[in-house]
2 protein chains.
Amino acid sequence: MSKPTLKSVAKALGVSTATISNAFNRPDQLSVALREKILSACTELGYDGPNKAAQSLRKGSSGIVAVILSDSLEYMVSDPVASQFLQGVARELERQQKHLLLFSGNSTNLDTITDFVDGFICYGAPRNLGLIGQLRQCKKRVLTVDFDLPGRPSVNIDNEQAAYDSAVAVLKPDDVVAVLGLRLIDALDSRPVADAPMWDNLSSVSHRRLDGYQRAMGELGLTLADDALWHIPESNQHFAEVAAKAVLSQSPRPTVLLCMSDLIALSAMRVALQLGLQIPEQLRVVGFDGIEETLRYHPTLSSVWQFSDKKGEAAARAFQSGLDDNQLLPYELRLGESS
Amino acid sequence: MSKPTLKSVAKALGVSTATISNAFNRPDQLSVALREKILSACTELGYDGPNKAAQSLRKGSSGIVAVILSDSLEYMVSDPVASQFLQGVARELERQQKHLLLFSGNSTNLDTITDFVDGFICYGAPRNLGLIGQLRQCKKRVLTVDFDLPGRPSVNIDNEQAAYDSAVAVLKPDDVVAVLGLRLIDALDSRPVADAPMWDNLSSVSHRRLDGYQRAMGELGLTLADDALWHIPESNQHFAEVAAKAVLSQSPRPTVLLCMSDLIALSAMRVALQLGLQIPEQLRVVGFDGIEETLRYHPTLSSVWQFSDKKGEAAARAFQSGLDDNQLLPYELRLGESS
DNA sequence: CTGTTAGCGCATTCAA
DNA sequence: TTGAATGCGCTAACAG
C-alpha cells in the first residue's frame, strides 16, 4: 500500500477531494464535526496532510527561502560574523514556519532552485558575479544584505559613517595610519592595494568603509601612504597575519591600524604583541563587526558592533514583509582597551 | 508577459511539448539539429528549462537533501565539530549537484519538508525525540550519523573502541579518574550523573564512549567514583568550566580527566592551569573529536581525531549511493602534551 | 456547507 | 522521430 493521497482519502471517506482539502486548509469551509471526523480518519489512514510539492506547484509558493552566501558554505560556517547572521535568519524563519535552503555564492546556476523557493536572501555580493545578473532578472522576491541591487529591497548598515566614527575615535593628529582592508581588489593573497584596480561597486561594503576612514583622516589632515592600504582576501588569521607583519615592519611604523573586521584586528594585535609593541601606547587598533571573541581577548578590541544576528532577523522579517524599502540598521561603536 | 512554460515554448516553436521536454531531458530522442534549434530558441525566449517544482512533482525527486541537525542551527553553527561536518556534507553535495536544506532538530514536524526533499541525513539524534519516530516511518531515504535507526544506513565511528584507546593511552595504575561526559542524562546544567537515570540509546555516542572508558579502567583495576562522572549539557566553555572546577576541587583530586569533547577538554585545561596544576605532571587530560584549536593551545591536547569533514563527505556519498549498510569510519588517536 | 471541474507545469506511455 | 493523451497531487472557482 503506497502513501495515501488526498484523492484516495476522499474516496475512502466517501467525500469529495475539496472537502478534504478544505479540512486542512480552510477550516471555515466546513462544519467542525465533519472536520474533526476527517482529520482523525486521516491520522488513522496515515495521511498527514496535502503533499507539499503538489501544493507548491499549485499555489506557486513553497515556504522555502534560499539564503545565498557570498562564499562557499565552508567559508561562511567558519566565519563568526556570517554564522551569527545565519543564526538570526534561521531564528526568524523558524518563527515564520519557513525553511532555510543554503546556497553557495560559488554556484553557477540559480535556476536549479528558483522554482523551489519563495525567493532569495542574498548575504553579500556572491563571489560568482554571474549570479548577480541572474538575481536581477529573477521573478521571485530578492532581498540583499550588505550590498544593493537596483529596485530590490535591502538591509544594510551605514558602513561609511560607521567606519568614520571608528576612525575618529582612535585617531590623533600625528598618527601614522595603516588600513587592513577586506576584499578591496581582485587578488587571492594579502597585498598592498597600490595601483591595482579597485573592485568598485560589488564588495562595496569595504569601499564605503574605506571612504569613512579617509573622511576621518582628511579632517585630521592625515594621509594614507601608498603601501599602508592593504588588501586581505578573506577574514582569517593567516591572511591577516601576513598583512599585519608587513605593515608593522614598515617605517615609519604605523601608530594606528584601521581593520575592516574583528578577526583581522585580533590577528593584528597578536602580531603586534609578538613584536613587543604595547597596545594602546605604541599602537592603537580598531576593528569592525563586533564578535564575542574580542571581549575575551586582552586587550579588548575597540570596534563597530553591527549585531549580525539582529541583521539576520531583520533580513528575514523584511523578506517576509513584502516591503521594498532599503533598510538601514543601527550600529554601535564600542571602545575597548585597544584604543 | 509571464514566464514561459514548456507548453508555451512548444506552441511558439510549432512542436509538441514532448519534443521540448526531450530536448532538455533525453537528447537521444531527437535529432541533434532539432535539439540545437530548440535550445537556442529557448534561450531567445528566456526559457531556461523545465520548471523544477513541476519536475519534482512528476518525477518524485527534487535534488534537495535535508540535513537534520541534532540541535538548533544556532548551536550547530557555533560548534566546530558540527560545522566541520556540515562543510563536508556541503562539499560532497555540491559535487553531486544537489542542494542542502538545513533542518533544525528542535522542529516538530518533518512533513513540512519531506515532500520537497529526496531524503534526510540526520546528524546525531535530534533533540526533539518526536522526530525520531517520524524518521523511522519516513518513506524517503534516511541516513543517520553518530547514531542508528533500525533498518537504516548509517555512518559512525567506533566510539567505544576509540574511547577505550584514548583512555588506555593516558591511564596509569594508580590514577584517580574523572569523566567529563557530554549529554549523559536529561538535565540542562552541568552536574554529577550520580543516580539520575541515564538516557540510554539515543545519545548513544556518549554512552559508548563511557563504556570504552570503563573497559579501559576495568583492565587497570580502576573504578570511577560516583561523583566523578559528570554530565555536561552542551559542548561549550561555560558548562565545561563548571564541571571542571567542581571535579578538580574534589579530594582525592583526579589525576586524569577523560573528556568527551575537545572543547570540554580545553576548558578543563584552562581551569586546571588557573588552579596552578601542572599538565601533564599533576593532571593528564584527553579529549575527543580532533579540532584545530587544540593544536594552537598550549599544552596541545591528546585526543581522538574523527575527521568530521570526512565524515560529512562520507555521509553525503553514502546517502547518494543507495547502499543500506552501516559504515564505520576510521579515527586516529593523537597524543599531545596533555598526557 | 459540499461536490464538480479545470488547471498548476511537466514526463511518460503509446500510437502514428 | 514526433504528437496526443493521461496523470503526478493538489486548490480555487463555481455551482449546487
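Numbered from 1 within each chain, the chains take letters A, B, ... in sequence-line order.
Checked against A:L143 for a side chain to side chain contact (heavy atoms under 4.5 Å, CB included), the options A:V155, A:L323, A:D324 give a single hit: A:V155.
Protein atom CG of B:L57 is 9 Å distant from nucleotide atom P of D:dC10, rounded to whole Å. In this structure, the CG atom of A:N22 is 15 Å from the P atom of D:dC14, given to the nearest Å. Rounded to an integer number of Å, the gap from A:I20 CD1 to D:dC10 P is 10 Å. One interatomic measurement links the two molecules: CG of A:L45 to P of D:dG9, which rounds to 16 Å at whole-angstrom precision. Residue B:K7 contributes atom NZ, which lies 13 Å from atom C1' of D:dT6 at whole-angstrom precision. In this structure, the CG atom of A:L6 is 12 Å from the P atom of D:dA12, given to the nearest Å. When the C1' atom of C:dC10 is taken as reference, atom CZ of A:F116 falls 12 Å away, rounded to whole Å. Here D:dG9 presents its P atom at 16 Å from CG of B:D111, a figure rounded to the nearest Å.
Where A:P50 and B:L34 meet DNA chain D, the nucleotide closest to each residue was compared, and B:L34 sits on the side nearer the 5' end. Take the nearest nucleotide of DNA chain C for A:L30 and for A:T17: the residue whose nucleotide is more 5' is A:L30.
The side chain of B:S16 places no N or O atom within less than 4.0 Å of a non-bridging phosphate oxygen (OP1 or OP2) of D:dA4. Remark: B:N25 is in phosphate contact with C:dA11, judged by side-chain N or O atoms under 4.0 Å from OP1 or OP2. When the side-chain nitrogen and oxygen atoms of A:Q29 are compared with OP1 and OP2 of C:dT2, none of them lie within a distance under 4.0 Å. Between B:Y47 and C:dC10 there is a side-chain polar atom (N or O) within less than 4.0 angstrom of OP1 or OP2.
Counting non-hydrogen atoms of other residues, nucleotides and ligands closer than 6.0 Å to NZ of A:K310 gives a total of 12 or fewer. For CD of B:Q96, the number of neighbouring non-hydrogen atoms (other residues, nucleotides, ligands) closer than 6.0 Å is greater than 12.
Across all strands shown, B:D115 has no heavy atoms under 4.0 Å from either base or sugar-phosphate atoms.
Without hydrogens or angle criteria, A:R141 side chain to A:F319 main chain gives a donor-acceptor distance under 3.5 Å.
Between A:F24 and A:Y47, the ring planes lie perpendicular to each other; the angle is over 60°, past the 30° to 60° tilted range.
In the set D:dT1, C:dA11, D:dG9, D:dG9 carries the atom at the smallest distance from any side-chain atom of A:A54. In the set D:dT1, C:dT4, C:dA11, C:dA11 carries the atom at the smallest distance from any side-chain atom of B:S21. Out of D:dA12, D:dT2, C:dA11, the shortest distance to the side chain of A:R26 is found at D:dA12. Side-chain atoms of A:T19 lie closest to C:dT2 of the nucleotides C:dT4, D:dT1, C:dT2.
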